[in-house]
2 protein chains.
Amino acid sequence: MGLLRGKESILIFLAEGAAFAREVKITTSMLAKQVEVSQQTASRLLIQLEREGYVTRRIVGKETYVRLTEKGVNELIGLYARLKGIFERPVKITLEGRVFSGLGEGAYYIGLPGYYNQLKERLGFEPFLGTLNVRLSSSASIEGRLLLERVADIVIEGFKDEKRSYGGAKCVKAVFNDVDECAILFIERTHHDASVIEVVSPYKLRERYGLKDGDKVRLSVNLQPAFFFNNLLGTGNV
Amino acid sequence: MGLLRGKESILIFLAEGAAFAREVKITTSMLAKQVEVSQQTASRLLIQLEREGYVTRRIVGKETYVRLTEKGVNELIGLYARLKGIFERPVKITLEGRVFSGLGEGAYYIGLPGYYNQLKERLGFEPFLGTLNVRLSSSASIEGRLLLERVADIVIEGFKDEKRSYGGAKCVKAVFNDVDECAILFIERTHHDASVIEVVSPYKLRERYGLKDGDKVRLSVNLQPAFFFNNLLGTGNV
DNA sequence: ATTACTATTTCCCGAGTAA
DNA sequence: TTTACTCGGGAAATAGTAA
């Protein structure tokens, strides 16, 4: 199991024993157990690592002391830096699509105090009374939408009044056309399919950008990677 | 160069292209260039990665789209976590040795205002007027000492008066016998060899611990790893 | 241009075993 | 016990090439 091969495994195992700061006493058979190879292979790999300049070996009688060289440490640091780059860099997800006209219910729902007050508080801006409907124009955008829906972290709770009950929703903050703060709204029981998003903004976006039906718009979301992976993993569906 | 083999390299390369969040378009020949194998090998490795469940491939005409599966992402996260454990954990260096009597100059030098004031300010305690001499009793401790000397970050500057000039020194904060705050002093031009350290403390340690010549003592230093590696690397002498 | 098959070579693993 | 050699089998890499 696992993709790491003998040599890398040995370097990592040695580093876990702080072999960068001091010599570490080892036997080839315990090394073999750790990295899941035979004793013979562990011995050979250690010799190779020494020849290639990743470790030094000092043999005193029957005991062997190993430590990482600078090259060995740098190898691991380089790998660590690459992975850090992957997992600590914000993940930018971009959705592209075209504006279309809905039934105008967005304005009605957002205007309800039960929604409006939550939106205002949790989005950090006063939402314009209406949503911009966008039909996503690529499968990449649709996939991105599905991913964002699972990762959306701003929860708008449903509520009831005398007449009926109103469902909940989730949002993520996004950037509209690379400039304006906005949020993408994921409504729990919507009649829209996965190719549609609704955008909430402090502005009347149609006016601000002179948008007509069919015009292209772009939404981008920056996710903190730790957050991203926490929400993504363990769902069986990366 | 480098220890990573084809498969791991491919996973990392894909992750660098954010293939955990979306499908990434690739060709086997550019993949081959990236991971430094032949095109044939890149093709085979990609097929194997798919069979083993690390990636999914989607082939559309002549184009191939690849993305990491959850298993693939977890593989990388696991590796990242191991390396993080290595490089973010404090590095503890312990020196052990036996007390011996010096010439008593320690008290004289520390009492000089030119040293005393710097020590007090930079160590954060009022040093007792004297140093405890410790002869290190193992080669591991001596090695640790050499390492600490290179990494010591508290600088005590030399100075002059009418009669003579006084050399500089470096210190690291340490813990004496697992309890008391102290510092290990590395004097620039000392007559001691590398098996000896001098300990500065707010207390008269001989009294506080009832120490006689020959008694064993232990000094430990916790180094922040980032700091540790910054100071250690690039010196050609890990 | 692609991908990926087959054939060949090269490399690596581990059993057996010496020291 | 150790370490580490030889050696045979098998895996992995590349060349050649088809599609």
Side-chain angles (χ1 to χ4, degrees), chain A residues 1-14 17 19 22-69 71-72 75 79 139-140, chain B residues 1-14 17 19 22-69 71-72 75 79 139-140:
Chain A
M1 280 283 89
L3 282 182
L4 279 190
R5 275 311 179 62
K7 281 187 196 173
E8 307 96 87
S9 278
I10 289 178
L11 279 196
I12 292 174
F13 171 71
L14 290 174
R22 56 185 174 80
E23 285 188 329
V24 163
K25 184 177 163 183
I26 53 134
T27 69
T28 53
S29 33
M30 82 72 154
L31 200 57
K33 223 170 262 167
Q34 289 294 330
V35 306
E36 294 174 332
V37 293
S38 67
Q39 175 272 321
Q40 293 90 330
T41 296
S43 171
R44 184 172 38 79
L45 293 179
L46 204 56
I47 292 168
Q48 284 175 12
L49 282 170
E50 186 184 34
R51 284 208 192 110
E52 292 161 6
Y54 293 104
V55 304
T56 57
R57 285 190 309 157
R58 194 166 59 88
I59 297 158
V60 183
K62 294 214 159 194
E63 296 181 338
T64 303
Y65 296 86
V66 179
R67 81 184 301 167
L68 299 180
T69 61
K71 183 178 176 184
E75 181 76 19
L79 181 58
S139 63
Chain B
M1 280 283 89
L3 281 183
L4 279 190
R5 274 311 176 61
K7 282 187 197 173
E8 307 97 86
S9 277
I10 289 178
L11 280 196
I12 292 174
F13 171 72
L14 290 174
R22 56 186 174 79
E23 285 189 330
V24 163
K25 184 178 163 184
I26 53 134
T27 69
T28 53
S29 34
M30 84 70 155
L31 200 57
K33 224 171 261 168
Q34 289 293 332
V35 306
E36 294 174 330
V37 293
S38 66
Q39 174 272 320
Q40 293 89 332
T41 296
S43 170
R44 183 174 41 80
L45 292 178
L46 204 57
I47 292 169
Q48 283 175 14
L49 283 170
E50 185 184 34
R51 283 208 195 112
E52 292 160 7
Y54 293 104
V55 304
T56 56
R57 285 192 307 157
R58 193 167 58 90
I59 296 158
V60 183
K62 295 214 157 192
E63 296 180 339
T64 304
Y65 295 86
V66 179
R67 82 185 303 167
L68 299 180
T69 62
K71 184 177 176 186
E75 181 76 19
L79 182 57
S139 62

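Below, chain A is the first sequence line, B the second, and so on; all start at residue 1. Computed from a predicted structure; not experimentally measured.
Between the side chains of Thr28(B) and Gln39(B), a donor-acceptor pair is found at a separation under 3.5 Å.
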List, with names and distances, any nitrogen or oxygen atoms from the protein found under 3.5 Å away from nitrogen or oxygen atoms belonging to nucleotides 5-10 of chain C.
none

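As judged by a 4.0 angstrom heavy-atom cut-off over every strand, Thr27(A) is placed among residues touching the sugar-phosphate backbone only.
Computed from coordinates, the Ile26(B) CD1 to dT3(C) C1' distance equals 11 Å when rounded to whole Å. Atom pair Leu3(A):CG and dA12(D):P shows a separation of 12 Å (rounding to whole Å applied). The distance between atom CD1 of Ile59(B) and atom P of dA1(C), rounded to the nearest whole Å, is 20 Å. In this structure, Arg44(A) atom CZ and dC7(D) atom P are separated by 16 Å, rounded to whole Å. Here dT3(C) presents its P atom at 14 Å from CG of Leu45(B), a figure rounded to the nearest Å. Look at CG on Leu49(B): it is 15 Å from C1' on dA4(C), rounded to the nearest Å. In this structure, Arg57(A) atom CZ and dT2(D) atom P are separated by 16 Å, rounded to whole Å. In this structure, CD of Glu36(A) is placed 15 Å from C1' of dC13(C), rounded to the nearest angstrom.
A distance of 4.5 Å separates CG of Leu31(B) from CD1 of Ile10(B), quoted to the nearest 0.5 Å. The line from OG1 of Thr56(B) to CG of Leu68(B) is 8.0 Å long, rounded to the nearest 0.5 Å.
Side-chain contact between Leu46(A) and Ile26(A) is present, with heavy atoms from C-beta onward closer than 4.5 Å. Inter-residue side-chain proximity for Thr41(B) and Val35(B) is flagged as unmet; no heavy-atom pair is nearer than 4.5 Å.
Where Val37(A) and Leu46(B) meet DNA chain C, the nucleotide closest to each residue was compared, and Leu46(B) sits on the side nearer the 5' end.
Minimum interatomic distance between Arg5(B) and Arg5(A) (heavy atoms only, all atoms of both residues): NH1-NH1, 4.2 Å.
Here dA4(D) is the nucleotide among dT2(C), dG14(C), dA4(D) with the atom lying nearest to any side-chain atom of Ser43(A). Relative to the side chain of Arg5(B), the nucleotides dT2(D), dC13(C), dC12(C) differ in distance, and dC12(C) lies closest.
Not a single donor-acceptor pair under 3.5 Å links the side chain of Gln34(A) to the backbone N or O of Phe13(A).
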